[in-house]
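Below: one structure, written as structure tokens.
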Number of protein chains: 2
Amino acid sequence: MNIGTASEKSGLPAKTIRYYEDIGLLRPDRAGNGYRDYSMSDVHRLRFLQRSRSLGFSVEECRQLLSLYGDKERESADVKAIAEIKLVEIDRKLAELTELRNTLRHLVHNCHGDDRPDCPIIDGLSGRATQ
Amino acid sequence: MNIGTASEKSGLPAKTIRYYEDIGLLRPDRAGNGYRDYSMSDVHRLRFLQRSRSLGFSVEECRQLLSLYGDKERESADVKAIAEIKLVEIDRKLAELTELRNTLRHLVHNCHGDDRPDCPIIDGLSGRATQ
DNA sequence: CTTGAACTTCCAGTTACTGGAAGCCTTATA
DNA sequence: TATAAGGCTTCCAGTAACTGGAAGTTCAAG
């Protein structure tokens with residue numbers, strides 16, 4: 001499929017898809033006319049990139065995560081080690097997101113919407129400070 | 001407190017803290033010697049910035065979120081509207097993170113660590129493709 | 001009183017895109 | 001079949017959000 005279709009299916013702009021190719025995150029085929037030709041597997045990689053980038057992982061982290069299933073040379077022990085490190089990070093992100101959501105929920109539900117609310121939400125928004 | 005302490009407490013590099021000041025995300029006092037002087041409230045803002053940036057929100061989104069409790073002029077109805085939009089986004093991020101975690105968990109627990117695993121995890125890593 | 005760490009500003013470099021120009025390819029309509 | 005619109009190509013420049021380093025000031029310890 002052409003880059004436009006891959007863009008739709010992955011949720012990434014065509015520009016970004018070309019950029020990801022430049023930096024070696026995928027290598028789509030080329031059709032006879034010089035157009036890039038994306039497989040469903042390429043689209044899977046792109047969707048994965050879209051998600052993990054939007055969740056705050058760097059491109060290099062995404063490259064590592066992609067290698068978890070893409071790199072046939074890599075030992076499974078390595079895969080496991082990388083995955084475990086990322087799991088800790090993901091759990092932290094999950095906790096933080098959950099807290100942020102609770103704070104905003106509080107703001108939306110408890111503060112009436114007709115006047116300036118006066119809730120002690122700063123702690124929630126900023127996380128309990130270490131001191 | 002000095003920028004070094006604020007950096008420790010917020011988890012942000014001093015460089016980044018100065019940058020956030022440059023773009024108007026906070027305005028710490030200045031001590032007599034010209035050093036920046038951060039209050040606990042500044043640290044709260046910084047911690048909040050650290051978290052929300054690491055969760056994939058842009059600086060401009062962070063600015064909006066900060067305005068939820070920082071801008072006394074803003075109508076509460078506005079606050080509520082912004083918070084509700086962000087809530088939807090946060091819920092989506094939560095779902096995606098949870099899926100990513102499950103996939104990695106599967107990888108870690110089911111794929112023994114001594115040989116190349118052969119699990120059909122591509123769907124999980126990339127999210128069920130729309131087609 | 002000096003030495004080193006932490007602070008200041010300023011400017012340049014990096015990462016991860018993003019926009020725009022110039023031109024080729026494809027498809028729909030006259 | 002012509003032609004116009006739209007999608008594709010490469011390339012180069014610009015932006016967002018930092019990040020590193022130089023050059024100088026201030027502070028705290030010895």
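Remark: A/Ser52 pairs with A/Phe48, A/Phe57, A/Cys62 by the side chain to side chain contact (heavy atoms under 4.5 Å, CB included) rule, at least two apart or across chains.
In this model, the phosphate group of D/dA17 is not approached by any side-chain N or O of B/Arg53 to a distance below 4.0 Å at OP1 or OP2. Note on A/Arg36: every side-chain N or O is 4.0 Å or more away from OP1 and OP2 of D/dG7.
Taken to the nearest 0.5 Å, the CG atom of A/Leu49 stands 10.5 Å off from the OG1 atom of A/Thr16.
The stretch residues 10-20 of chain B touches DNA chain C through B/Lys15, B/Arg18, each having a heavy atom within less than 4.0 Å of the strand. Only B/Asn33, B/Tyr35, listed by number, bring a heavy atom of residues 22-35 of chain B to less than 4.0 angstrom from any atom of DNA chain D.
Here the C1' atom of nucleotide D/dT25 and the CG atom of B/Asn2 are 14 Å apart, to the nearest Å. Across the protein-nucleic acid pair, A/Tyr38 atom OH and D/dG7 atom C1' stand 13 Å apart, rounded to whole Å. When the P atom of D/dA17 is taken as reference, atom CD of B/Glu21 falls 17 Å away, rounded to whole Å. Atoms CD (A/Gln50) and P (C/dA16) sit 16 Å apart, rounded to a whole Å.
Shown here for B/Glu21 and B/Pro28, the closest heavy-atom pair between the two residues is OE1-CG, 3.5 Å.
Ion pair A/Lys93/A/Glu89 not flagged as a salt bridge, since none of the NZ, NE, NH1 or NH2 atoms sits closer than 4.0 Å to an Asp/Glu carboxylate oxygen. A salt bridge links A/Glu60 and A/Arg63; the closest N-O separation between the charged side-chain nitrogens and carboxylate oxygens is under 4.0 Å. Between B/Asp29 and B/Arg36 no salt bridge is recorded (no basic side-chain N to carboxylate O distance below 4.0 Å).
Other residues, nucleotides and ligands contribute only 12 or fewer heavy atoms inside 6.0 Å of the CZ atom of A/Arg27.
Remark: side-chain polar atoms of A/Thr98 are paired, donor with acceptor, to backbone N or O of A/Leu94 under 3.5 angstrom.
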